[in-house]
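Proteins come first, then strands; the chains are lettered A, B, ... in the order of their sequence lines, and each starts at number 1.
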2 protein chains.
Amino acid sequence: MARAATTTDAFNAVAEPRRREILDALAGGELAVGDLTELLGLAQPQVSKHLRVLREVGLVEVRDDGRRRLYRVNAAPLRAVHAWVGQYERLWNERFDLIDGVLDELAGTENEIRTDIETDIETGIETGRGD
Amino acid sequence: MARAATTTDAFNAVAEPRRREILDALAGGELAVGDLTELLGLAQPQVSKHLRVLREVGLVEVRDDGRRRLYRVNAAPLRAVHAWVGQYERLWNERFDLIDGVLDELAGTENEIRTDIETDIETGIETGRGD
DNA sequence: CAAACATATACCCATATAGGCATGCGTCAA
DNA sequence: TTGACGCATGCCTATATGGGTATATGTTTG
């Protein structure tokens, strides 16, 4: 089997950076396709396709306005994502408390592992929309 | 171009349901690959592959234990996801509050009109950040 | 040492992606 | 009405996926 369709759920739809950018842009209010293409620096067909995906998972809604189509965010489907990820909040907090202790235990282990962990910590701290 | 690699970031890694299940299972504590295959009802190679992806994005860490390999969660990379999704919490809350309040006035109206009005409401709501 | 066990990899395949490009379709202007 | 505009779709390609199956690597036991 191939990867699950991007239209399967919010998890998959939002995995694409461009689509996150689109949502971020729409967070400020309704925008037409043309506005988005300009903001994102993407070609119009690509924007329309991303919007289609977002629409199919319910993350955006459309409204006709003359010859334009105004899109707006519907954050509801993100609740599921937030809920799932939220369960791990406890874990990543605990982790920071214990990190020092863990590093000590690893003192004798291979450097590779230590580096990995330290890297993960720093990476995790930085804000969203990687790239 | 094809879809971004699953190992690109936590967003992509976690888009796969199986991998979320793996993390959920590991949330209870360290588990060996064999334990996971049994819990998930997946074939061993598939589990190993999913674990590889999770490892590459730093969501799990490994520890050798005899001929077994014990995996554990590192939730840190999920912070980025949580942070991004969290920005929308405000939106999905406001939305439902206001919609409910006005729905009464709309009782009896045609759907088309109702939709338009709802749109206006949302548009008005999202006054925040313009960029 | 050989055999059993635990895990990781290597392949093979069907599938859907994301972008590039061309075009179809509805809407507004002259 | 014709043409310009705004957007959606269709088609094409390279790529990576996730599962299936076979096998390599490493570890413990007899």
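Ring geometry for B/His82 against A/Trp92 counts as perpendicular: the plane angle is over 60°, on a 0 to 90° scale with 30° as the lower cut.
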For B/Arg3 and A/Glu16, run salt bridge (charged side-chain N to carboxylate O under 4.0 Å, His left out): C-alpha distance rounded to whole Å, both residues' side-chain angles, the deciding distance at 0.1 Å, then the answer. CA-CA 8 Å; B/Arg3 216 161 151 183; A/Glu16 165 69 2; over 6 Å; no
Using side-chain hydrogen bond (donor to acceptor under 3.5 Å, both in side chains), reason through A/His50 and A/Arg18 one step at a time and then give a plain yes or no. CA-CA 8 Å; A/His50 282 310; A/Arg18 301 301 201 172; 5.7 Å; no
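OP1 or OP2 of C/dA18 sits under 4.0 Å from a side-chain N or O of A/Arg19. Contact between the side-chain N/O atoms of B/Arg3 and the OP1/OP2 oxygens of D/dT15 is not found at any separation under 4.0 Å. Listed pair A/Arg68 / D/dC7 fails the phosphate criterion, with no side-chain N or O lying under 4.0 Å from OP1 or OP2. Phosphate contact (OP1/OP2 of D/dG6, side-chain N/O of A/Tyr71, threshold under 4.0 Å): absent. Remark: A/Arg18 is in phosphate contact with C/dG19, judged by side-chain N or O atoms under 4.0 Å from OP1 or OP2.
Taking hydrophobic clusters as Ile, Leu, Val, Met, Phe, Trp and Tyr residues chained together by side-chain heavy-atom distances below 4.5 Å, B/Leu31 shares a cluster with A/Tyr88.
Closest to the side chain of B/Lys49, from the set D/dC7, C/dC11, D/dA16, is C/dC11. Closest approach to the A/His50 side chain among C/dG19, C/dT7, D/dC7 is made by C/dG19 (side chain taken as heavy atoms from C-beta onward). Taking every side-chain heavy atom of A/Ala5 into account, C/dA16 is the closest of C/dT7, C/dA16, C/dT9. The side chain of B/Arg67 has D/dT27 as its nearest neighbour among D/dG20, D/dA8, D/dT27. The side chain of B/Arg69 lies closest to C/dA8 when the candidates are C/dA8, D/dC7, D/dG19. Between D/dA22, C/dT17, D/dG6, one nucleotide has an atom nearer to the side chain of B/Pro45 than all others, and that is D/dA22. Distance from the side chain of A/Ala2 is smallest for D/dT17 among the nucleotides D/dT9, D/dG19, D/dT17.
A/Ala4 comes within 4.0 angstrom of nothing in the nucleic acid, heavy atoms only. Looking at heavy-atom distances under 4.0 Å, A/Thr6 makes contact with sugar-phosphate atoms alone, never a base. Within the nucleic acid shown, A/Arg55 has no heavy atom closer than 4.0 Å to any nucleic acid atom.
Of the residues B/Glu30, B/Arg72, B/Arg55, the one that meets the side-chain contact (heavy atoms from CB on, under 4.5 Å) test with B/Glu61 is B/Arg72.
Going from atom CE of B/Met1 over to atom P of C/dC21 covers 13 Å, rounded to whole Å. Atom CG in B/Leu40 sits roughly 17 Å away from atom C1' in D/dG20 (whole-Å rounding). One interatomic measurement links the two molecules: CG of B/Leu51 to P of C/dA6, which rounds to 16 Å at whole-angstrom precision. As a whole-Å value, the separation of B/Asn12 CG from C/dA16 C1' is 14 Å. Taking atom CG of A/Leu70 as the reference point, atom C1' of C/dT27 lies 14 Å away to the nearest angstrom. The CG-P distance, from B/Asp65 to C/dA6, rounds to 12 Å in whole Å. Atom CG in A/Leu42 sits about 17 Å away from atom C1' in D/dG6, given to the nearest Å. As a whole-Å value, the separation of B/Arg52 CZ from C/dA6 P is 22 Å.
A donor and an acceptor atom never sit less than 3.5 Å apart when one is taken from the side chain of B/Gln44 and the other from the base of C/dA6. In the interface, the side chain of A/Gln46 is paired with the base of C/dG20 through a donor and an acceptor atom under 3.5 Å apart. With hydrogens and angles ignored, no donor-acceptor pair under 3.5 angstrom links the side chain of A/Glu16 to the base of C/dA18.
Within 6.0 Å of CD on A/Glu38 lie no more than 12 heavy atoms contributed by other residues, nucleotides or ligands.
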